[in-house]
Amino acid sequence: MPETPPRATTRTWIGLAVLVLPMLLIAVDGMVLIFALADIAADLEPSGAQQLWMLDIYALMLAGLLITMSSLGDRFGRRKVLLIGAVFFAIASVMGALSTEPWMLIAARALLGIAGAAIMPGTLSLIRNMFLDRNQRRTAIAVWSSMGALGAAAGPIVGGWIIEVFSWHAAFLMNIPVMILLLVLAPILVPESRNPNPGRVDLPSIVLSLAGMISFVYGVKTFAGGKEPGLALLTFLLGLALLVLFVIRQLRVPVPMINVRLFRVRAFTGAVITDLLSVFSLVGAMFALTQFLQLVVGLSVIQSALWMLPQAAVSASAGFIAAALVKRIPTALLVSTGVLITAGGFATLLTLTPDTPPWVIAIALCLVGLGAGVGMMLTNDLIMSSVRPEQSGQAAAVSETAYELGTAFGTAILGSVLLGFYRTGLADTAPADLPGGVLEAAQETLAGALLYARELPGELGGALATAATDAFTSALSATGGIAALILLAVGIFAGIMLRGVSSQADLTETEDEPEPTTAP
């Protein structure tokens, strides 16, 4: 019979509050640049390609380095790597605020991505080592998840206010006080942890994971842009090949960076795939909903964000609800139910029209937030509970990588589906007497179509605006239906894969363990 694990103390819970600070900030920071881009474009005058790099370089570096940074944390100390990441995050924030040329801002965003890769898996792996009791760890992960949800919702409001009152430079400077607080408090309240037998640094594995992930995600993002399909396919296939070589190498080396044999644990595999597909569906449809509120309903950035606040509150509380219910309800049933509730939220978009009031969107988003908050908190808990404490860095890297891949695929694939429906719908309903080239330009984005509509005379501009908003609404409705169908399948998959999982003991105590990652 396994020994009862020690319970967390008050000091441990205060340490958790310190660890969730960077998660909250990174979630806010990810949204701020989107709304600052117009002011940045007016100030620095970047080209279209430079604007894309400003947005994309952060995600590319983050996704490419998650595995490497988690491996370094396992070897040299997870708290140490997290604090080094915090230092570089603060430096990159200063660089971003002081940027006077587009290339300077791109370089700052790249460094922010590198620093974020050092911070993100470190927070989750440290939580795994600080909270050894399963029920307490589940509550801690609920806190960690809720901060991400609150940060994503607060991002538009905080960013909009800062940019309106100060400037886009201040959007970078707001990172510094939080990072200083982390650097002061974490050494006092967060205990260091590392893998006691990490093995040697495997340079070929680092190169394969870094090059493979960057190439893979870049290919997906380029595909979403739709302008260079040949380059997108080439980089996608190159990245896929490099990642396959990475997996083969992990199976052969004595001490791998990522123990891919963890995927022999059914609950681990089920939780990772459920996370990836859930994020895939969420990101693709949620981005379109923000456009609907702003461009179709006609709300400002801050007004749109305020209508999304109920969803943030529901998402933040859903993890705690799940942590309480899982003591009495099987994990598989709760995860499946959460995913199906999310599917129901997206299914409501099938009734969407241009006249749909914002409160209907708010209700749909609350359903999405409730289901996602329940399901994804429990899957994160399952991923971290599937491994021994010394393997927590590897599990955190897998969890965060699944999130980043789901985000990239959701934006690319569902975004392309939305754009395809929009283009077809606009081609069928646009006025026949539009000037040459206007229809083609209007089919690129809804924002562009509305801009052209304002420049056209009288009824012709009004007809184009109506056709564009109708086409976008129909496209969003269809995309929401597709997301609902995907989530329905994910709910069934989760119920099968997670069946029989214990809600109390760690999976390392109840499942057949994969081959060890460290020498005995």
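- The CD1 atom of Ile114 sits 6.0 Å away from atom CG of Leu65, with the distance rounded to the nearest 0.5 Å.
- Closest non-hydrogen pair, Leu487 versus Val339, comes out as O-CG1, 3.0 Å.
- In this structure a side-chain-to-backbone donor-acceptor pair under 3.5 Å is missing from Arg78 to Gly122.
- Using a 4.5 Å heavy-atom threshold, the side chains of Leu378 and Leu334 count as touching.
- The backbone N or O of Phe263 sits less than 3.5 Å from a side-chain atom of Thr269, completing a donor-acceptor pair.
- Within the structure, ring pair (Phe, Tyr, Trp, His ring centres under 6.0 Å) contacts touching residues 118-137 (residues at least two apart or in different chains) are Trp13-Phe131.
- How far CZ of Phe346 is from CG of Leu365: 8.0 Å, rounded to the nearest 0.5 Å.
- No side-chain heavy atom of Phe421 sits under 4.5 Å from any side-chain heavy atom of Leu476.
- Interatomic distance, CD1 of Ile273 versus OG1 of Thr379, reported as 12.0 Å (0.5 Å rounding).
- Using a 4.5 Å heavy-atom threshold, the side chains of Ser399 and Asn380 count as touching.
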Review point. Given the rule in the side-chain contact (heavy atoms from CB on, under 4.5 Å) test, do Leu82 and Leu182 qualify, once you have shown the distances and angles that lead to the verdict?
Key: CA-CA 10 Å; Leu82 182 145; Leu182 177 65; 3.7 Å; yes
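- Atom CD1 of Ile361 sits about 4.5 Å away from atom CG of Leu352, to the nearest 0.5 Å.
- Looking at Leu382 and Phe268, their side chains never come closer than 4.5 Å, going by heavy atoms from C-beta outward.
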Check your understanding: Should Thr9 and Thr12 be marked as a side chain to side chain donor-acceptor pair (under 3.5 Å) after you check the CA-CA gap, both sets of side-chain angles, and the distance that decides it?
Key -> CA-CA 5 Å; Thr9 63; Thr12 309; 3.1 Å; yes
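- Although no hydrogens or angles enter the test, the distance criterion places no donor-acceptor pair under 3.5 Å between the side chain of Ser336 and the main chain of Ile492.
- Going from atom CD1 of Ile119 over to atom CE of Met179 covers 4.0 Å, rounded to the nearest 0.5 Å.
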Exercise for review: Give the C-alpha distance, both sets of side-chain angles, the deciding distance and a yes or no for side chain to side chain donor-acceptor pair (under 3.5 Å) between Thr356 and Thr353.
Suggested key: CA-CA 5 Å; Thr356 298; Thr353 69; 3.3 Å; yes
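- The backbone N or O of Pro187 lies less than 3.5 Å from a partner atom in the side chain of Arg79, making a donor-acceptor pair.
- The backbone N or O of Ala323 lies less than 3.5 Å from no partner atom in the side chain of Arg138, so there is not a single donor-acceptor pair.
- Side-chain N or O atoms of Ser317 include one that pairs as donor or acceptor with a backbone N or O of Val314 at under 3.5 Å.
- At a threshold of 4.5 Å between non-hydrogen side-chain atoms, the residues Asp133 and Arg137 do not count as touching.
- For the atom pair Leu488 CG and Leu340 CG, the distance stands at 6.0 Å (nearest 0.5 Å).
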